[in-house]
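In what follows, a single structure is set out as structure tokens and then discussed.
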2 protein chains.
Amino acid sequence: MPNIFNPRDLSFQLYEVLSTSALCQSTRYQEHSREVFDQMLDVVERLAEEKFQPHAAKVDVHEPEFVDGKVHIIPEVKAALDAFIEAGLPAAAFDEAQGGMQLPYVICQAMAFIFGAANVSTSAYPLLSAGAANLLSAYGSEQQQCLYLKPLLEGRYFGTMCLSETQAGSSLADIKTKAELQSDGSYLISGNKMWISGGEHDMSENIVHLVLAKIPGGPAGVKGISLFIVPKYLVNDDGSLGERNDVSLAGINHKMGFRGTVNTVLHFGEHTGARGYLVGESGKGLNYMFHMMNEARIGVGLGATSLAYTGYLHALAYAKERHQGREVTAKDPMSPMVPIIEHSDVKRMLLQQKAYAEGGLALGLYCAYLVDEQRIAQQDGVSDGVDQATALLDILTPIAKSWPSEYGLQANDLAIQVHGGYGYTREYPVERLYRDNRLNPIHEGTKGIQGLDLLGRKVTQHQGASAKALYAAMSATLQQAGSDQLKPYAEQLNSAIESLFKTTQSMQQQVPEKGVSAYLANATLYLDVFGHLVVAWMWLRQAIVAEQALSNEKTGAADEGFYRGKLQTCHYFYSYELPGIQPQLTLLAQTDTTCMDFDPQWF
Amino acid sequence: MPNIFNPRDLSFQLYEVLSTSALCQSTRYQEHSREVFDQMLDVVERLAEEKFQPHAAKVDVHEPEFVDGKVHIIPEVKAALDAFIEAGLPAAAFDEAQGGMQLPYVICQAMAFIFGAANVSTSAYPLLSAGAANLLSAYGSEQQQCLYLKPLLEGRYFGTMCLSETQAGSSLADIKTKAELQSDGSYLISGNKMWISGGEHDMSENIVHLVLAKIPGGPAGVKGISLFIVPKYLVNDDGSLGERNDVSLAGINHKMGFRGTVNTVLHFGEHTGARGYLVGESGKGLNYMFHMMNEARIGVGLGATSLAYTGYLHALAYAKERHQGREVTAKDPMSPMVPIIEHSDVKRMLLQQKAYAEGGLALGLYCAYLVDEQRIAQQDGVSDGVDQATALLDILTPIAKSWPSEYGLQANDLAIQVHGGYGYTREYPVERLYRDNRLNPIHEGTKGIQGLDLLGRKVTQHQGASAKALYAAMSATLQQAGSDQLKPYAEQLNSAIESLFKTTQSMQQQVPEKGVSAYLANATLYLDVFGHLVVAWMWLRQAIVAEQALSNEKTGAADEGFYRGKLQTCHYFYSYELPGIQPQLTLLAQTDTTCMDFDPQWF
């Protein structure tokens, strides 16, 4: 059962909507070409189909178990990861100088999207390792890179991110894990970490835990947080493995979904003391993490899109096959039943999923492409380019994380509904996708946190530089939508942008009178409105390309259907989705405090 | 962990918003009093806490298993059902003449609401049996009532409803199960039935399957469908059990939620032939089913509300206990963390749950109360009263079924979000509630089916009699909301009613030009809008009572908080929820065909 993704759409997004081929004109990516990218994507597609998807249901049922202090994971997971490693993929995004493939980030994210759609649980392990590798690549010393980054990129080591503790989830300032300096310059780490994905298993030679901890005597709150490497097995200077470090598995969390990714509670330093090594400067741990957070959050959003996308394709295939009922005007009970895709309401549910899944993909890849622009400009020393891409990424990240998490989940809900009673059973994949996707509005910063980030920080930071950069990018799209067919959408989007701008201004003007708490009280609604507006923009970008392609005589019949679908889905988004923001804008413009003012005693 | 329901709210709904005590003035309920009702509710609350809730999580994990042709169910389920039966509850809603308690339907539904909130899976068994008993009570012959209804009401037999087949879910007209007349007047039933809850187990002496089947030679489509009693064990004329009938368990469906309710595939007549007995007249099977459908659908909606309600209470308790973060303006990292209920966004999520759960409860009980009015009028021979209650029930049923199913699920989604990462684990109940509730938009008529029922039938039937009855009932509420505080809501609701009326008119006027298919294309949206409007009405009804109570000097401090909460939740609904219907009304008024016109090739 493939139905993992639509290669035609992925190539449309990468090469028609984005200019991924053009990236190869940069110094950074000059060794590459579209052919290389497509070969890589083909490899990934095959791996996803042959190694990842086939055990997605099995690992959900036979989830990792904690037996006699060890984690047991079904062998298909390691087999898939071995194939992933054999293809050199752990190093795909890293520089050649580090032994990597130096592929564009947008291509790497497209690959992650495919793996996520095939099997979100198994593909989490390399994503986590890549996150750890990223941090070490940016902030690790030369020796740390040699001892830990290199084997991570070779796939010999896996990595984790150890941030949360039971009493400190969203509130990382309140972590209690301690790091005490030893005479040899290392630290002894002690404390407990919660929600650690990939925290213990035997699928790699070693596990590199990146741990946030506080050095006693340091400042309170986030400024006292430092970042440490705490390997499962100590590593000797020659790279050989030493003795087991004092990191122990205290338990496994049993989640509703994402069951194949072992999620652990870890105890550090319960016995002899867990040896850790400071990364970069002390007190900068959270800064480092947040520097990587844009990419991590875009990754979460794209993962949510993966699940929405594959769910949509499963629902689409089912709707074509399943015969049930007749046209509402058909009176003859002996007439044959029609495939349910003929029913308007089923079409609506498919269209909504398509709008969310392909809109989410467009957004995720757009952000990934911005990371490439950032890297290219960085390498070429074009500081303007770096600023521009960074400004856009900053403001888009909370949206790229939260919008697909919220609406991708809704897409999965609709995929179940299209399947009727069958969709509610574990014999079909859609209920699993729905359970998996429910995590995404929670981890890597809840939806509420994303709203505060957007409204409390990103919209106003650097004198509104991010907001201005976004406005400029959107304006460029509006300019291109000049045809009779597209102009109404451009006008609608422009008017929505103006409404949001005025709303934001009105909210800001009320701060002196109503206070910052009131200003932020409906930040989640603001995020929602902003997200819909951004995805409407993504749909207009796609419609522009589709319209141009349709006017091109060379476009074949099969492609014509594809492009018409894009145009009509854009129409759907502007008719059924975008208008929904208006009532929320009204509430926001008033700085409504109905919720904030609700006395807890009244519940 | 109680958190099952809020007794203060239930008594508010029953005795302050509805006039449940006044029902005892009728001939039908004259033997009862509020004291009796409250005693019954106390019994139910204790049973729910002691017998139903404690194994809700266990039966989800240890779901019924199919071993050697038998169904194994954990013993706690039977223990709970035995206690239920011992309390005489299977007969609670039935007439004294039938050996029942003749309790008002609204009280029975309140009891079902409590059991559903405590353990939706286990409480499904008696609900299904009650459905079967209802049918036999209305349409069974005297002998059938003696042989099957009596033991159902005594709790010795359980019942099922066998409608769907693998190829006929929403499209019941297409069932294939056959019933062939035998010389003794009985029928031989052959065919397969799908999605049969409670289809096989050893918890009762016998199982009474009520089966839809077609008598060969009859008319095609729904007019050829008849209803049959097919017992698991044949019953001799003296009521003793005979041999096993030819009904066999072909398999168990494994669902995402509702795992404790065994859901089966049954084969009828595979071997010697399954003996069945015609209920009522041939060809009227679906009519009979639909006669009971109002109550069944109201029951599904109330079940969805149960899950929303208990999820809300769990989230509320968690939000009061869990400390995380600080006020957004607090700068001192050493200041203590606050309970998360202090955060505006958490309050918003709780308020939204409260609005959905308590709004859903108000709607479900209102409909149940209408059933009582219908029964009272029927017994007293007041045909006007019957017509009035029936008209209202007809139009409200698709909403009472679908609105809580949709928004109750959203409430459960928010309950998870309030819990953060913990809510996503199986150590907390909210993820289970969410999985359970996902069934409700599917069974007993999907949301799409409810939309077609509302817009295609109920709104227009009998020259709009149902719509007029609803308008009259709403108008009465508007009249009562004359205070300065409530008038704005009344005006807002009135204007929404007018918009909906005009929209409906506009849609109907476009039928000659655009066709019936286009008219019905967005029926699901119409249902959604209509539902929000009805629940807004339910909130205004509650606000009127709350305002009156607050102006009463005798209202104590604890109650004052309760009533203020009601008023402010009404305010929330009119500020955050009701305005959301406007964009949908715009689409509807245009008979938008974006979805209908989407060519399947374009997906």
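As the structure is a computational prediction, the values presented were derived from the model and not from experiment.
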Worksheet item: Quick one: what part of B/R326 sits under 4.5 Å from any heavy atom of chain A, side chain, backbone, both or neither?
Response: side chain
Worksheet item: Are any of the side-chain heavy atoms of A/L520 and B/D345 separated by less than 4.5 Å?
Response: no
Worksheet item: Which region of B/Y428, side chain (C-beta onward) or backbone (N, CA, C, O), has a non-hydrogen atom less than 4.5 Å from a non-hydrogen atom of chain A, or is it both or neither?
Response: neither
Response to the item:
Of the listed B/E63, B/H443, B/M349, the one with the largest count of heavy-atom pairs under 4.5 Å with chain A is B/E63
Worksheet item: Pick from A/R348, A/M194, A/Q590, A/K320: which one has the most heavy-atom pairs with chain B under 4.5 Å?
Response: A/R348
Worksheet entry | Donor-acceptor pair between A/Q568 and B/T594 side chains, under 3.5 angstrom | no
Worksheet item: Without hydrogens or angle criteria, can the side chains of B/R438 and A/Q417 be said to hold a donor-acceptor pair below 3.5 Å?
Response: yes
Worksheet item: Between B/N522 and A/Y576, does any side-chain donor sit less than 3.5 Å from a side-chain acceptor?
Response: yes
Response to the item:
Interface check, chain B: of A/Q582, A/K223, A/E560, A/H571, most non-hydrogen pairs under 4.5 Å belong to A/H571
Practice prompt. Can you see which heavy atom on A/S517 is nearest to which on B/E327, and at what distance?
Written response: OG-OE2, 2.7 Å
Fill in: Interface moiety of A/R8 toward chain B, non-hydrogen atoms closer than 4.5 Å
neither
Practice prompt. Could you tell me which residues in residues 334-341 of chain B have at least one non-hydrogen atom under 4.5 Å from a non-hydrogen atom of chain A, sorted by residue number?
Written response: B/M334, B/M337, B/I341
Worksheet item: Do the ring planes of A/W195 and B/Y422 sit parallel (below 30°), tilted (30 to 60°) or perpendicular (above 60°)?
Response: perpendicular
Worksheet item: If you tally heavy-atom pairs under 4.5 Å against chain A, which of B/I442, B/V346, B/V328 wins?
Response: B/I442
Item to complete: Under 4.5 Å, counting heavy-atom pairs only, tell me which of B/I581, B/L172, B/I416, B/L316 racks up the most with chain A.
Response: B/I416
Worksheet entry | Pick from A/G448, A/G221, A/G421 with the largest number of heavy-atom pairs that fall under 4.5 Å of chain B | A/G421
Worksheet entry | Options A/P441, A/G325, A/G580, ranked by heavy-atom pairs under 4.5 Å with chain B, top entry | A/P441
Fill in: chain A contacts, top residue of B/D9, B/N6, B/L587 (heavy-atom pairs, under 4.5 Å)
B/L587
Worksheet entry | Interchain contact, A/S164 with chain B, by part (heavy-atom threshold 4.5 Å) | neither
Worksheet item: Looking at CG of B/D413 and CG of A/D413, how far apart are the two atoms once the value is rounded to the nearest 0.5 Å?
Response: 9.0 Å
Worksheet item: Below 4.5 Å, heavy atoms only, C-beta onward: do B/P219 and A/P333 meet side chain to side chain?
Response: no
Worksheet item: Which bit of B/H254 comes within less than 4.5 Å of chain A, counting heavy atoms only: side chain, backbone, both or neither?
Response: both
For residues 595-603 of chain A, which side-chain N or O atoms pair as donor and acceptor with protein atoms under 3.5 Å away, sequence neighbours left out?
{"unit_1": "A/D597", "atom_1": "OD2", "unit_2": "A/T593", "atom_2": "OG1", "d": "2.7"}
{"unit_1": "A/D599", "atom_1": "OD1", "unit_2": "A/Q601", "atom_2": "N", "d": "2.8"}

Fill in: Residue selection (most heavy-atom pairs with chain A, distance under 4.5 Å) from B/R432, B/K354, B/R426
B/R426
Item to complete: Answer with side chain, backbone, both or neither: which region of B/E431 has an atom nearer than 4.5 Å to a non-hydrogen atom of chain A?
Response: both
Worksheet entry | A/N263 versus B/Y424, side-chain donor and acceptor atoms under 3.5 Å | no
Worksheet item: Within the side chain of A/Q324, is there an N or O that forms a donor-acceptor pair under 3.5 Å with the backbone of B/Q167?
Response: yes
Worksheet item: Hey, does the side chain of B/E427 reach the backbone of A/N253 with a donor-acceptor pair shorter than 3.5 angstrom?
Response: no
Response to the item:
In terms of heavy-atom pairs under 4.5 Å with chain A, the winner among B/A173, B/A521, B/A319, B/G515 is B/A521
Fill in: Segment of B/D592 engaging chain A (4.5 angstrom heavy-atom cut-off)
both
Worksheet entry | Which atoms of B/T586 approach chain A - backbone, side chain, both or neither, heavy atom under 4.5 Å | neither
Practice prompt. Side chain from CB out, backbone as N, CA, C, O: work out which of these in A/Q584 comes under 4.5 Å of a heavy atom of chain B, or both, or neither.
Written response: neither
Worksheet entry | Which atoms of B/L350 approach chain A - backbone, side chain, both or neither, heavy atom under 4.5 Å | both
Worksheet item: Given that the side chain runs from C-beta out, which part of B/Q352 has a heavy atom under 4.5 Å from chain A: side chain, backbone, both or neither?
Response: neither
Worksheet entry | Portion of B/Y312 that has a non-hydrogen atom of chain A nearer than 4.5 angstrom | side chain
Fill in: Heavy-atom proximity to chain A below 4.5 Å, by part of B/L409
side chain
Discussion item. Need one label for A/K566: side chain, backbone, both or neither, based on atoms under 4.5 Å from any heavy atom in chain B.
Written reply: neither
Item to complete: Output the option from A/V516, A/L525, A/D174, A/L452 having the highest count of non-hydrogen pairs under 4.5 Å with chain B.
Response: A/D174
Discussion item. If we define contacts as heavy-atom pairs under 4.5 Å, which of A/G224, A/G423, A/G257 has the most with chain B?
Written reply: A/G257
Worksheet item: Using non-hydrogen atoms only, which part of B/K447 is less than 4.5 Å away from chain A: side chain, backbone, both, or neither?
Response: both
Response to the item:
So, the part of B/L439 with a heavy atom under 4.5 Å from chain A: the answer is both
Worksheet item: Which atom names give the shortest non-hydrogen contact between B/M256 and A/R435, and what distance separates them?
Response: SD-CG, 4.0 Å
Worksheet entry | chain A contact via B/T166 - which portion, at a heavy-atom distance below 4.5 Å | both
